[in-house]
Number of protein chains: 2
Amino acid sequence: MSRTPPHPTREQIELPLVLDCLSDPIRLAIVYQLAQQERVSNELCCGDFSGLAGKSNLAYHFGKLRECGLMLTRVAGTNRFMRLRREDLEARFPGLLDAVIGSAAKDASRLQLIAECDVVEAG
Amino acid sequence: MSRTPPHPTREQIELPLVLDCLSDPIRLAIVYQLAQQERVSNELCCGDFSGLAGKSNLAYHFGKLRECGLMLTRVAGTNRFMRLRREDLEARFPGLLDAVIGSAAKDASRLQLIAECDVVEAG
DNA sequence: CCTTATGTTCAATGTTTATTGAACTATCGA
DNA sequence: TCGATAGTTCAATAAACATTGAACATAAGG
């Protein structure tokens, strides 16, 4: 459980798998939050998504996002820090990630991109 | 079987459903071929996709593509003509469709975007 | 009217998927 | 060393999905 999990190389990233990954509302919310974070520390860890689903369910979705090449997991102590593979995605599928994130942002309220606790805090 | 099937309104088009639709290789190939056709007649009918799958399987995928708002079906005699809902998609999710189609074009050989018979004809 | 071509609908099949809780592993701090 | 924290893995379950062939509906053409 301690070692860095496997990631696909840039060339191994496949369009249908990426789209399928992004089509799940929980994973889309994860990607969206990671994109928001790019302006700041660039990384988030599992606990930061606790508003979206239970821990084991999140681990399942993290696995999917990692396996399809959307994000990178870095192990540090008991934490796993994650960030988007923006450069690799841009190289393989130019404009795709931003188009998806921009579309998601437009529908932010319709999709539930923000964890419940954040909404409560904001309200 | 003769009447125009139901389509979602522009506002009813949902991002996760669109992405899920595009994540299937057969549906992605259908969308890709429809995009190619935009330069010409703009429309294709079921038979034009016979290289991708059997008729009943195609009808299933057409249903998915219609229900999620990606394409429009027009009934004319025994034919159903289909075309992309480019304007609606662009209004809802700017840049998304072109990013997906462009990405698919880059991977055209890896994905099997072109029906077998077309490949044979080209070779 | 009969036949053919186009395409849909239905039922059945096997596969994949998301979700859950419990058990587990590993690390950090007192 | 003990306990708390962070996160994964496993097994079980129910729902959704893609695929197939057979039956069906509709319209066009001889």
Side-chain angles (χ1 to χ4, degrees), chain A residues 1-7 14 16-31 33-34 43-68 70-83 111-112 115-116, chain B residues 1-7 14 16-31 33-34 43-68 70-83 111-112 115-116:
Chain A
M1 180 184 164
S2 64
R3 204 132 218 90
T4 300
H7 296 77
E14 299 279 0
L17 295 181
V18 167
L19 294 174
D20 184 50
C21 237
L22 292 168
S23 75
D24 181 278
I26 291 182
R27 290 193 291 264
L28 184 59
I30 292 170
V31 166
Q33 283 187 224
L34 286 173
E43 291 181 316
L44 287 174
C45 63
C46 181
D48 296 320
F49 303 95
S50 59
L52 293 172
K55 281 183 2 168
S56 69
N57 191 219
L58 284 177
Y60 166 75
H61 288 300
F62 293 152
K64 289 258 166 187
L65 287 163
R66 191 184 346 99
E67 286 160 21
C68 87
L70 268 165
M71 74 179 204
L72 202 129
T73 300
R74 179 176 68 86
V75 177
T78 66
N79 291 299
R80 274 82 200 294
F81 290 102
M82 310 187 243
R83 65 173 191 273
L111 313 167
Q112 295 177 303
E116 268 179 59
Chain B
M1 180 182 164
S2 64
R3 203 127 219 93
T4 300
H7 296 76
E14 299 279 0
L17 296 181
V18 167
L19 294 174
D20 185 50
C21 237
L22 293 168
S23 75
D24 181 277
I26 292 182
R27 290 193 291 263
L28 184 57
I30 292 170
V31 166
Q33 282 187 225
L34 286 173
E43 291 182 316
L44 286 174
C45 64
C46 180
D48 296 320
F49 302 96
S50 58
L52 293 172
K55 281 180 7 168
S56 69
N57 191 220
L58 283 177
Y60 166 75
H61 289 300
F62 293 152
K64 288 259 164 183
L65 287 164
R66 191 183 348 97
E67 285 161 22
C68 86
L70 268 165
M71 73 179 207
L72 203 129
T73 300
R74 180 176 67 88
V75 178
T78 67
N79 291 299
R80 272 84 201 291
F81 290 102
M82 310 189 245
R83 65 174 190 274
L111 314 168
Q112 295 177 303
E116 268 179 59

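Keep in mind it's a predicted model, so treat the numbers as computed, not measured. Labels below follow one simple rule: chain letters A, B, ... track the order of the sequence lines, proteins then strands, and each chain is numbered from 1.
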Query - Arg80(A) vs dT8(D): side-chain N/O to OP1/OP2 distance below 4.0 Å - result: yes
Query raised in the report: Given atom CG of Asn57(B) and atom C1' of dG7(C), what is their separation to the nearest angstrom?
Result: 14 Å
Requested in this report: Have a look at Gly54(B) and say if it touches a base, only the backbone sugar-phosphate, or nothing, with a 4.0 Å heavy-atom cut-off.
Outcome: nothing
Requested in this report: Would you please confirm or rule out a distance under 4.0 Å between OP1 or OP2 of dT19(D) and any side-chain N or O of His61(B)?
Outcome: yes
**Report entry** Whether Asn79(B) side chain and Phe81(B) backbone form a donor-acceptor pair below 3.5 Å
**Finding:** no
Query raised in the report: How many Å lie between CG on Leu52(A) and P on dT20(C), as a whole number?
Result: 12 Å
Report task. Test Met71(A) against every option in Leu44(A), Val31(A), Leu65(A) by the side chain to side chain contact (heavy atoms under 4.5 Å, CB included) rule and name the one that passes. Result -> Leu65(A)
Requested in this report: Please report, rounded to the nearest Å, how far the C1' atom of dG7(C) is from the CZ atom of Arg74(B).
Outcome: 15 Å
Query raised in the report: What is the distance, rounded to the nearest whole Å, between atom CZ of Phe62(B) and atom P of dT8(C)?
Result: 7 Å
Report task. Calculate the interatomic distance between Lys55(B) atom NZ and dC24(D) atom C1'; express it in whole Å. Result -> 11 Å
Query raised in the report: dT17(C) phosphate, OP1 or OP2: any side-chain N/O from Lys64(A) under 4.0 angstrom?
Result: yes
Requested in this report: Would you mind classifying the nucleic acid contact of Asn79(B) as base, sugar-phosphate or nothing, using non-hydrogen atoms under 4.0 angstrom?
Outcome: sugar-phosphate
Query raised in the report: What is the distance from CZ of Phe49(B) to P of dT8(C), rounded to the nearest Å?
Result: 11 Å
Query raised in the report: Between Pro25(B) and Leu52(B), is any pair of side-chain heavy atoms under 4.5 Å apart?
Result: no
Query raised in the report: Going by heavy atoms in the side chains, are Met82(A) and Thr73(A) under 4.5 Å from each other?
Result: yes
Requested in this report: Name the nucleic acid region contacted by Leu58(B), choosing base, sugar-phosphate or nothing; use a 4.0 angstrom heavy-atom cut-off, strictly under.
Outcome: nothing
Query raised in the report: Can you find a donor-acceptor pair, distance only, under 3.5 Å between Thr78(B) side chain and dG7(C) base?
Result: no
Query raised in the report: Roughly how far, to the nearest 0.5 Å, is the SG atom of Cys21(A) from the CG atom of Leu19(B)?
Result: 11.0 Å
Query - Rounded distance in Å - CG (Asp20(A)) to P (dT17(C)) - result: 7 Å
Query raised in the report: Phe81(A) has an atom CZ; how far is it from atom P of dA6(D), in whole Å?
Result: 11 Å
